Amino acid sequence: MIKNLNWAGPILMAGVLVVGVVASYRAAHSDPAPRKLGSCTTVPETVRAISADPMLTRHPAGTGLGEAAEGMLTCNEGTGTGGLEALAAAEVGARLSGSLPEAAVRAFYADLAQQSGWRADERPTGLFSATKPTGDCPWWFVLSSTRDRGYRVQVYYQPAGAYAASCAWADGDAILLPLGGGN
């Protein structure tokens, strides 16, 4: 039996505080739940690997690179036998700011791609694009300019559940249509 109850309140409060701090830390440092669209699901391990890739962690001197974050998720549940079809793709990207000319930014990412295992596309999308072998469907890097004279660096990957033939960028047949606000 506790003889001095004067300490019970502070001990209880300290315990609640510790549990709260541990729970907050876990919530802030755990993977977000995979997003789902149709039969396609994002892959948290792939998002982590892409976010750590030099193409999304390094940038030219005189520029600033925002934090990599998940972007769009599209899911074409077709068979891949039609004409023009939407990509089944998930995207991880970041904003690149600065006033370097397009040629300098393109040259930086072309050199970085070559140094880090990426293959430049023969028919580039945007200012520069490249693929990196990752198994069945490579990752696809695309550098594009934005309306406000900045840049966007994006890596697309095939989400889980996408049909195998939806990896159009593997053979250079993919195109991106700018549908958003240009940033």
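Numbers here are sequence positions counted from 1. The shown structure was predicted, so the numbers you read here are calculated from the model rather than taken from an experiment.
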Open item on the list: For W169 and D121, which I'm curious about, is there any donor-acceptor pair between the side chains at under 3.5 Å?
Closed with: no
Considering non-hydrogen atoms only, spot the tightest contact between [X] and [Y] and give its length.
| X | Y | answer |
| --- | --- | --- |
| A94 | R152 | C-NH1, 3.1 Å |
| A90 | L73 | CB-CD1, 4.0 Å |
| T131 | P138 | CB-CB, 4.0 Å |
| D148 | R95 | OD2-NH2, 2.7 Å |
| P54 | S116 | CG-CB, 4.0 Å |
| K132 | D53 | NZ-OD2, 2.7 Å |

Side chains of [X] and [Y]: closer than 4.5 Å at any heavy-atom pair?
| X | Y | value |
| --- | --- | --- |
| P159 | K36 | no |
| T125 | Y156 | no |
| V92 | Y157 | yes |

For [Y], does its backbone N or O pair with a side-chain atom of [X] as donor and acceptor, under 3.5 Å?
| X | Y | result |
| --- | --- | --- |
| Q158 | Y163 | yes |
| E91 | M72 | yes |
| Y151 | E102 | yes |
| S97 | G150 | no |
| T134 | C137 | yes |
| R106 | L127 | yes |

To the nearest 0.5 angstrom, please state how far the [atom1] atom of [X] sits from the [atom2] atom of [Y].
| X | Y | atom1 | atom2 | result |
| --- | --- | --- | --- | --- |
| E70 | S51 | CD | OG | 8.0 Å |
| T146 | L96 | OG1 | CG | 9.0 Å |
| E122 | S129 | CD | OG | 11.0 Å |
| L65 | T57 | CG | OG1 | 8.0 Å |

- [ ] Give a yes or no on whether Q115 atom CD has more than 12 heavy-atom contacts from other residues, nucleotides or ligands under 6.0 Å away.
- [x] yes
Open item on the list: Before you tell me yes or no, could you show the steps for L112 and F128 under side chain to side chain contact (heavy atoms under 4.5 Å, CB included), namely the whole-Å CA-CA distance, both residues' side-chain angles and the distance that decides it to 0.1 Å?
Closed with: CA-CA 12 Å; L112 182 58; F128 174 76; over 6 Å; no
Task: Evaluation steps, side chain to side chain contact (heavy atoms under 4.5 Å, CB included), between D136 and C167 - done: CA-CA 9 Å; D136 294 336; C167 187; over 6 Å; no
Task: Pairs meeting criterion ring-ring contact (aromatic ring centres under 6.0 Å, His included) with involvement of residues 87-114, two or more places apart - done: Y109-F141
